[in-house]
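Please read the structure below before turning to the comments.
Each ligand, and each atom within it, is numbered from 1 in the order the structure gives.
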Amino acid sequence: MERTFAIIKPDAVQRNITGKILERIEANGFKVVGMKRLHLTPEQAMGFYYVHSARPFFKDLCNYMASGPAVVLVLEKEGAIAEWRKLMGATNPEAAENGTIRKDFGVSLEKNSVHGSDSPESAAFEIPYFFNALELV
Ligand code: IDP
Ligand code: MG
């Protein structure tokens, strides 16, 4: 069984659609093995998104991720990393396929409602950034 890391981003939590997104996750066969709600500081967001630190949108992205509470998750399923990317849809909600979470809930390229690890290496960094072993059940 593979694990991936997910975030229900501040734009979605603020619009009270955490439950709707969790429903999609569970309906698609993912097991939620870790979950908590937190409000990142800009510095914590910068540490999480350090791979993007040279991008022009980095500062805005980190401020947005720190703009309100988010829900962080660890999801388990066979092929969880690719499966969750597929269910999320493309980064830009306008380009995302019908039926994907970003298509249905995303509001802009930045405020696209959800995050997902893009590789096993990313998941191996992102999961322990937020969770310790005792919190994954
Ligand atoms: P991903 O979330 O689909 O993996 P990444 O390229 O890793 O996309 O970008 C991380 C996050 O940064 C995106 O989910 C989105 O919130 C934001 N982002 C990506 N590209 C842009 C951009 O060109 N302008 C503003 N925000 C962006
Ligand atoms: Mg990414």
Side-chain angles (χ1 to χ4, degrees):
M1 246 351 144
E2 188 172 63
R3 286 179 174 182
T4 192
F5 175 73
I7 305 179
I8 302 175
K9 293 182 174 182
D11 70 90
V13 172
Q14 198 247 327
R15 284 177 289 144
N16 252 4
I17 55 172
T18 300
K20 282 194 174 138
I21 292 174
L22 284 171
E23 194 171 23
R24 297 273 184 110
I25 288 170
E26 293 192 325
N28 281 273
F30 293 90
K31 187 174 153 200
V32 177
V33 298
M35 173 161 65
K36 55 190 164 189
R37 181 177 159 113
L38 42 74
H39 189 152
L40 289 174
T41 64
E43 291 71 27
Q44 288 168 337
M46 287 164 74
F48 175 71
Y49 272 131
Y50 79 98
V51 289
H52 292 316
S53 55
R55 307 274 209 103
F57 59 81
F58 180 65
K59 195 159 173 265
D60 283 346
L61 171 63
C62 294
N63 287 333
Y64 150 61
M65 290 300 287
S67 66
V71 173
V72 293
L73 302 156
V74 177
L75 307 178
E76 193 173 82
K77 185 182 182 176
E78 256 175 57
I81 294 170
E83 287 287 299
W84 173 234
R85 295 287 306 188
K86 198 168 82 186
L87 181 59
M88 284 200 306
T91 306
N92 188 342
E94 281 180 18
E97 278 187 52
N98 286 335
T100 63
I101 291 172
R102 282 169 165 173
K103 179 74 172 190
D104 292 345
F105 301 119
V107 294
S108 68
L109 174 55
E110 178 183 71
K111 296 176 178 58
N112 56 8
S113 302
V114 283
H115 166 86
S117 305
D118 63 6
S119 65
E121 294 71 30
S122 298
F125 166 74
E126 293 173 356
I127 292 171
Y129 193 85
F130 288 100
F131 293 92
N132 68 49
L134 292 175
E135 295 172 319
L136 301 176
V137 294

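- Given atom 9 (O) of ligand 1, the protein heavy atom at minimum distance is His52 NE2, 3.5 Å.
- Between Tyr64 and ligand 1, a contact under 3.5 Å exists for no N or O pair.
- The closest side-chain donor-acceptor pair between Ser113 and Arg15 falls under 3.5 angstrom.
- Between His115 and Phe5, the two ring planes are tilted [angle within 30° to 60°].
- For atom 3 (O) of ligand 1, the nearest protein heavy atom (residue, atom name, distance) is Thr91 OG1, 2.5 Å.
- Among all protein heavy atoms, the one lying closest to atom 16 (O) of ligand 1 is Glu110 O, 2.7 Å.
- The residue from Lys111, Arg102, His115 that puts a heavy atom closest to atom 2 (O) of ligand 1 is Arg102.
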Donor-acceptor contacts under 3.5 Å from residues 88-97 side chains, at least two apart:
unit_1	atom_1	unit_2	atom_2	d
Asn92	OD1	Glu94	N	3.1

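- Nearest to atom 24 (N) of ligand 1 by heavy-atom distance, out of Val51, Leu109, Asp11, is Leu109.
- Closest protein heavy atom to atom 17 (C) of ligand 1: Leu61 CD1, 3.8 Å.
- Listed by atom number, the atoms of ligand 1 under 4.0 Å from Asn112 heavy atoms are 13 (C), 14 (O), 15 (C), 16 (O).
- Heavy atoms of Lys9 approach ligand 1 to within less than 4.0 angstrom.
- Ring planes of Phe125 and Phe48: parallel class, angle under 30° (limits at 30 and 60°).
- A salt bridge does not link Glu23 to Lys20: none of the charged nitrogens lies less than 4.0 Å from a carboxylate oxygen.
- Put simply, part of Arg85 is less than 4.0 Å from ligand 1, judged by heavy atoms.
- Counting protein heavy atoms only, atom 25 (C) of ligand 1 is closest to Phe57 CB, 3.6 Å.
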Just do the side chain to side chain contact (heavy atoms under 4.5 Å, CB included) check on Phe105 and Arg24 with the steps written out, would you?
-> CA-CA 12 Å; Phe105 301 119; Arg24 297 273 184 110; 3.8 Å; yes
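- Here the CD1-CD1 distance, from Ile17 to Ile8, works out to 8.5 Å after rounding to the nearest 0.5 Å.
- Counting Ile, Leu, Val, Met, Phe, Trp and Tyr side chains that sit under 4.5 Å apart, directly or through other members, Val107 stands alone, with no cluster partners.
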